[in-house]
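Reading through the structure tokens given below for one structure.
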Amino acid sequence: MVSVMNWQEFHSAIQEYYHIEAENTVTKIPFENIINVNANTLMYKDNYGNVSQINLDNCVENFSFALGEKLKNFSGQTILAVGGRCFSRPTAFYEFFTEGHHIRFCMPLKKSPFDKFLTKIGWNVNSGAFSKFYSLQEKLNSFGYSAIDLN
């Protein structure tokens, strides 16, 4: 049984499996380009404006293949991990374990001096971004998929 890993461990496994030498080899797509998530597909507009899709079951298989076994939670149940996620400055993202290189849906977070001031006085300047981020997580969860850090 593979234990649950944090984002850094996941990132290291990705780098090793795909022999990724530099961060610029990951396909980066704006988060707002996500069109829809259904039972086994995430549809999005690529960087050229074409509608593309990610087969979520393939992401689970790719991740299991890279690890050499299925990822399981502490209860021994198989985790249908499609990738990893991170919500922190400067960019929040979901990264999917697609064939070849990964696809990362990025969302820049506010970081101006004024935004820092608002955060300091208790105003959450990224609450809208978090809502969009969490909405994707809920959609994936509703179809049984997860990110590795959620289990």
Side-chain angles (χ1 to χ4, degrees), residues 4-67 71 73 78-151:
V4 177
M5 57 180 78
N6 64 30
W7 171 250
Q8 289 76 21
E9 292 166 330
F10 173 71
H11 190 262
S12 294
I14 292 167
Q15 300 288 61
E16 184 177 328
Y17 177 70
Y18 283 124
H19 309 289
I20 295 173
E21 310 259 332
E23 179 68 16
N24 64 1
T25 63
V26 175
T27 302
K28 295 175 184 146
I29 308 284
F31 202 88
E32 63 267 9
N33 285 17
I34 297 172
I35 298 169
N36 188 32
V37 177
N38 64 35
N40 43 12
T41 305
L42 181 143
M43 295 184 69
Y44 66 98
K45 280 191 210 173
D46 66 18
N47 289 326
Y48 305 102
N50 302 314
V51 175
S52 297
Q53 60 185 353
I54 295 172
N55 182 307
L56 299 172
D57 291 329
N58 286 348
C59 292
V60 173
E61 289 174 23
N62 293 336
F63 187 62
S64 295
F65 183 74
L67 290 178
L71 185 65
N73 65 16
T78 299
I79 298 170
L80 300 178
V82 293
R85 67 188 185 121
C86 183
F87 192 88
S88 64
R89 288 195 170 109
T91 304
F93 62 86
Y94 264 88
E95 186 166 320
F96 290 83
F97 209 77
T98 52
E99 190 65 36
H101 291 293
H102 295 171
I103 296 176
R104 182 180 294 172
F105 293 95
C106 304
M107 176 188 305
L109 299 176
K110 296 178 181 182
K111 59 184 176 190
S112 73
F114 184 65
D115 293 327
K116 289 178 184 177
F117 168 75
L118 291 174
T119 300
K120 198 173 207 177
I121 63 170
W123 190 286
N124 187 350
V125 297
N126 288 305
S127 62
F130 183 76
S131 292
K132 291 176 188 173
F133 189 84
Y134 188 69
S135 176
L136 176 58
Q137 176 184 313
E138 284 182 318
K139 287 176 187 173
L140 291 168
N141 290 156
S142 73
F143 296 114
Y145 298 105
S146 186
I148 60 164
D149 61 307
L150 292 175
N151 298 288

Indicate yes or no: at least one non-hydrogen side-chain atom of [X] is less than 4.5 angstrom from one of [Y].
{"X": "S135", "Y": "K139", "answer": "yes"}
{"X": "I103", "Y": "I29", "answer": "yes"}
{"X": "P30", "Y": "N47", "answer": "yes"}
{"X": "I35", "Y": "K45", "answer": "yes"}
{"X": "L56", "Y": "L42", "answer": "yes"}
{"X": "F31", "Y": "C106", "answer": "no"}
{"X": "M107", "Y": "K132", "answer": "yes"}

Distance flag, aromatic centroids of Y94 and F133, threshold under 6.0 Å: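 Here the rings of Y94 and F133 have centres that are less than 6.0 Å from each other.
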Between [X] and [Y], is there a donor-acceptor pair closer than 3.5 Å when you use the side chain of the first and the backbone of the second?
{"X": "N141", "Y": "Y145", "value": "yes"}
{"X": "N40", "Y": "D57", "value": "no"}
{"X": "N50", "Y": "D46", "value": "no"}

Separation of N36 CG from Q53 CD (nearest 0.5 Å): 10.5 Å
Gap between atom CG of L80 and atom CD of E61 - 0.5 Å precision: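 Going from the CD atom of E61 to the CG atom of L80 covers 10.5 Å.
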Geometric class of the Y44/F105 ring pair [parallel <30°, tilted 30-60°, perpendicular >60°]: perpendicular
So E95 and R85, side chain to side chain contact (heavy atoms under 4.5 Å, CB included) or not? Walk me through it. CA-CA 6 Å; E95 186 166 320; R85 67 188 185 121; over 6 Å; no
Tell me the closest heavy-atom pair linking M43 and V51, and the distance in Å.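 So the two residues come closest at CE-CG1, 3.6 Å.
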To check you understand the geometry: which heavy-atom pair defines the closest contact between F96 and C59, and what is its length?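 Looking at all heavy atoms of both residues, the closest pair is CB-SG, 4.1 Å.
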Check the pair F97, H102 against side chain to side chain contact (heavy atoms under 4.5 Å, CB included), reporting the backbone distance first and the verdict last. CA-CA 5 Å; F97 209 77; H102 295 171; 3.1 Å; yes
